[in-house]
Amino acid sequence: MSEERALNFLEEIIEKDLSDNTHDGTVHTRFPPEPNGYLHIGHAKSICVNFGLAQKYKGKCNLRFDDTNPSTEETEFVDSIKADIRWLGFEWDNELYASDYFEQLFQYAQQLIQKGLAYVDDSTAEEMAALKGTPTTVGSDSPFRNRSIEENALLFSEMRAGKYPDGAKVLRAKIDMKHDNMLMRDPVIYRIKHAHHHRTGNHWCIYPMYDFAHGQSDSIERITHSICTMEFIPHRELYDWFIEKLEIFPSHQYEFARGNVNYMVTSKRRLLQLVKENYVEGWDDPRMPTISGLRRRGYTAASLRNFWDNVGVAKRDNNIDINLLEFCIREELNKTALRRMAVINPVKLIITNLPDGESISLQAENNHEVENAGERTISFSNTLWIERDDFMENPPNKYFRLGPGLKVRLKHAYIIECTDFKKDEQGTITEIYARYFPESKSGSDTSGIKVKGVIHWLDCHSAKKAEVRLYDKLFTVEDPTSEEGDFKDFINKDSLSIVRDAWVEPALLEATDEDKFQFLRLGYFCKDKNSTDTHIIFNRTVGLKDSWAKEVKKA
RNA sequence: UGCCUGAUGGUGUAAUGGUAGCACAGCAGUUUUUGGUACUGUUAGUCUUGGUUCGAAUCCAGGUCGGGUAACCA
């Protein structure tokens, strides 16, 4: 059973470094979000990788906010990011901010200037773009490229002092305008932004660019393995260049493929659109791929961790089947969720051989998968709710539920036999009649009657009203962003269906926000945060596998 | 068009020159007081063309296809 799991390529790198004693046998990673949005399932992968690696190799993992752009970043996001990471089950060793290093970074820039490796450029963004060249044509030098060290030093300090307006000047690294790697063509490393920063306030009016902040921050924190996604590969050359020229701790960047899940979009821009244009009801809408959305939907932290563990870490593009995610949550909830009964599309069932007013108490297991999950008492009477789907006037051959003359077991209760039913003018079934077999009581059945079907039910006298929200995929196609046209054209109109008049067991009124339930035969559910004392709402996390539905579909 | 990357069943991921395996999905069956769960069986894969080698998914060369890359974003 102790099957050895193969190492992924990052683990191989780390184990080699460990055995070579590259960093005195230490591992130090970091998770570096920009606080300008909510975390989503893709970030969860990065979190699992970075914190997970630190955990596995008894190292450390920092949480570092990459807050070098004051115009987009907010404290609100800092808080939500921290909450999401903790909820996922990880704790950082240090909570840090790139903005903590602004003074140090400024000095690094001065050092570059002194070494003749950086210069102040007065060109406009357009002029700079024009001189940058294209991937196939080399760039050419800016007219400001050969300013003296003294002039550059003075200008840069004046930039800091606030002498110039936004956009008037930038500081650039002096590398090579003919470099194959566009990022090495004298990248901008500081820009002027007279903007309020969420942490440093108005102390600064110049801010470092990502490339001039990230690697150095890693270095300052002595990050041994700076792990990011594949699109940063071209940045590595610059990352290494700064570290080499500044002669600072040699952190190394390693890249893995970010995880894409089909039927989901995770770009910040698109997620923002969904929220802003009210396609969903907020960042934590249960249909959103955000951590907060998944949490509200009923996904557990463990299921998300298992999901990414299952997927693995590699470098090739991927498109993970959402079925795997659903498998992971079902697998967990099957073992942990309390079983309850609910009827979401009710029709009345009358037991004809039980007198009015008689109530029978029955015991029902909370979860037969678990040894000590206990039991609860439920009531049974002559007026019940059952699921409309569980009755057919003209059932096909392999239909194991109720129909005229058919027998079925009511879960935890008795076997019944359908004797009659009533329809209204529209042909809708209004009532179903059945007799029950008293000697077929669940757990002490002496009737000798064998039935193939078991259905769930609720006693009309004790059932409570509840709202139930059923979710489906947010999109109708696997990858809405690769389709012709706008991704919003592929939004699933039926991604949410609200059932306002569902019935649930009275025990469910005591549900807490953390409780997970399996509504028998319907799926896994959790209480929504918008529930009130008088109006309880349940979200369906995921349905049960339904081989009957498949059968029906085939026919 | 340059540079950087990558390519193993439908999907994800192993095999690190020596039997192509695991998980999800699919299909078939057994069990079952959830048409759930569990269990069993099963379909299906090395991008291509050469080369090296006793032996290649793995090494080499060419090609094909995918992704990234030209923000004072990260």
Side-chain angles (χ1 to χ4, degrees), chain A residues 3 5-8 12 32-34 36 66-69 71-73 98 121 123-125 128-129 132-139 166-172 179-185 187-193 206-207 209-211 213-214 228-237 255 257 259 262 268 310-328 330-331 334-335 339 341 365 368-369 398-401 409-413 415 440 442-443 445 451-456 478 518-523 543-552:
Chain A
E3 192 85 4
R5 248 281 216 139
L7 300 180
N8 66 49
E12 279 178 2
E34 183 189 12
N36 72 343
D66 236 325
D67 56 350
T68 57
N69 186 355
S71 30
T72 57
E73 295 151 4
D121 196 328
S123 308
T124 64
M128 274 181 49
K132 189 144 197 175
T134 70
T136 51
T137 60
V138 297
D166 287 9
K169 287 178 165 45
V170 292
L171 184 70
R172 292 228 256 172
H179 205 287
D180 279 334
N181 183 346
M182 298 292 286
L183 283 164
M184 299 296 277
R185 321 245 263 227
V188 172
I189 60 181
Y190 262 94
R191 74 294 212 183
I192 301 170
K193 261 181 194 275
I206 57 171
Y207 292 92
M209 299 287 291
Y210 164 84
D211 286 300
H214 201 100
C228 62
T229 46
M230 299 292 282
E231 65 266 28
F232 289 95
I233 289 178
H235 294 256
R236 191 176 59 225
E237 197 170 11
E255 309 88 8
N262 60 17
K268 268 177 195 166
N310 241 299
V311 166
V313 180
K315 301 180 85 147
R316 69 184 83 103
D317 288 343
N318 58 76
N319 198 6
I320 303 149
D321 195 331
I322 196 168
N323 275 311
L324 181 59
L325 216 211
E326 298 194 339
F327 166 80
C328 289
R330 283 196 192 103
E331 182 188 43
N334 174 53
K335 287 183 278 198
R339 310 289 127 123
M341 292 200 282
E365 311 159 297
H368 68 290
E369 302 280 329
K398 287 191 285 186
Y399 186 78
F400 303 143
R401 307 177 196 177
R409 173 174 293 281
L410 297 175
K411 180 71 181 177
H412 302 308
I415 292 173
S440 69
S442 199
D445 185 350
V451 291
K452 291 208 101 169
V454 180
I455 65 173
H456 59 278
E478 281 195 26
Q518 183 195 105
F519 290 179
L520 250 46
R521 303 208 303 136
L522 296 177
L544 260 25
K545 284 181 74 173
D546 189 347
S547 54
W548 172 246
K550 233 183 272 178
E551 199 72 33
V552 171

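Every heavy atom of this structure was used, including side-chain atoms; hydrogens, water molecules and symmetry mates were not.
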[X] has a side chain; which of [options] sits nearest to it?
| X | options | value |
| --- | --- | --- |
| A/Ser442 | B/U37, B/U33, B/A74 | B/U33 |
| A/Val454 | B/U34, B/U11, B/G26 | B/U34 |
| A/Arg401 | B/A74, B/G35, B/U37 | B/G35 |
| A/Ala314 | B/A14, B/G35, B/A74 | B/A14 |
| A/Asn318 | B/U33, B/C72, B/G12 | B/G12 |
| A/Asp321 | B/A74, B/G2, B/G10 | B/G10 |
| A/Trp548 | B/A14, B/G66, B/G35 | B/G35 |
| A/Thr134 | B/A70, B/U37, B/G66 | B/A70 |
| A/Val188 | B/U34, B/C72, B/G26 | B/C72 |

Tell me what A/His368 touches on the nucleic acid: a base, only sugar-phosphate, or nothing, going by heavy atoms under 4.0 Å. base
What nucleic acid atoms does A/Asn310 come within less than 4.0 Å of, heavy atoms only: base, sugar-phosphate, or nothing? sugar-phosphate
Can you tell me how far [atom2] of [N] sits from [atom1] of [X], to the nearest Å?
| X | N | atom1 | atom2 | result |
| --- | --- | --- | --- | --- |
| A/Lys452 | B/U32 | NZ | C1' | 11 Å |
| A/Ile320 | B/G12 | CD1 | P | 8 Å |
| A/Lys315 | B/A7 | NZ | C1' | 14 Å |
| A/Phe400 | B/G36 | CZ | P | 11 Å |
| A/Asn323 | B/G12 | CG | P | 13 Å |
| A/His214 | B/C73 | NE2 | C1' | 14 Å |
| A/Asn319 | B/G10 | CG | P | 15 Å |

First encountered from the 5' end of RNA chain B, between A/Lys132 and A/Asp211: A/Lys132
Judged by each residue's nearest nucleotide on RNA chain B, which is more toward the 5′ side, A/Tyr190 or A/Ile233? A/Ile233
Which nucleotide, in any strand shown, forms a Watson-Crick or G-U wobble pair with [N], with both distances under 3.5 Å?
| N | result |
| --- | --- |
| B/A56 | none |
| B/U30 | B/A38 |
| B/A71 | none |
| B/C65 | B/G6 |
| B/G21 | B/U13 |
| B/G45 | none |

Span that lies between the [atom1] atom of [M] and that of [N], in whole angstrom:
| N | M | atom1 | value |
| --- | --- | --- | --- |
| B/G6 | B/U13 | P | 14 Å |
| B/G10 | B/A74 | P | 41 Å |
| B/C59 | B/G18 | P | 11 Å |
| B/G45 | B/C39 | P | 26 Å |
| B/G36 | B/A28 | P | 13 Å |
| B/C47 | B/A7 | C1' | 7 Å |
| B/G41 | B/U46 | C1' | 25 Å |
| B/A61 | B/C27 | P | 45 Å |

Do [X] and [N] share a donor-acceptor pair, side chain to base, under 3.5 Å?
| X | N | result |
| --- | --- | --- |
| A/Arg409 | B/U33 | yes |
| A/Glu369 | B/G36 | yes |
| A/Gln518 | B/U34 | yes |
| A/Arg339 | B/U34 | yes |

Can you check side chain to side chain contact (heavy atoms under 4.5 Å, CB included) on A/Arg191 and A/Ile206, steps first, answer last? CA-CA 5 Å; A/Arg191 74 294 212 183; A/Ile206 57 171; over 6 Å; no
Report yes if at least one side-chain N or O of [X] is closer than 4.0 Å to OP1 or OP2 of [N]; otherwise report no.
| X | N | answer |
| --- | --- | --- |
| A/Arg191 | B/A74 | yes |
| A/Arg236 | B/C4 | no |
| A/Thr136 | B/C3 | no |
| A/Arg316 | B/U8 | yes |

Whether [Y] and [X] form a salt bridge (side-chain N of Lys/Arg under 4.0 Å from carboxylate O of Asp/Glu) is what I want to check.
| X | Y | answer |
| --- | --- | --- |
| A/Arg172 | A/Asp121 | yes |
| A/Glu255 | A/Arg236 | yes |
| A/Asp445 | A/Arg409 | yes |

Are B/A74 and A/Tyr210 stacked, with the base six-membered ring and the side-chain ring centres under 5.5 Å apart and planes under 30°? no
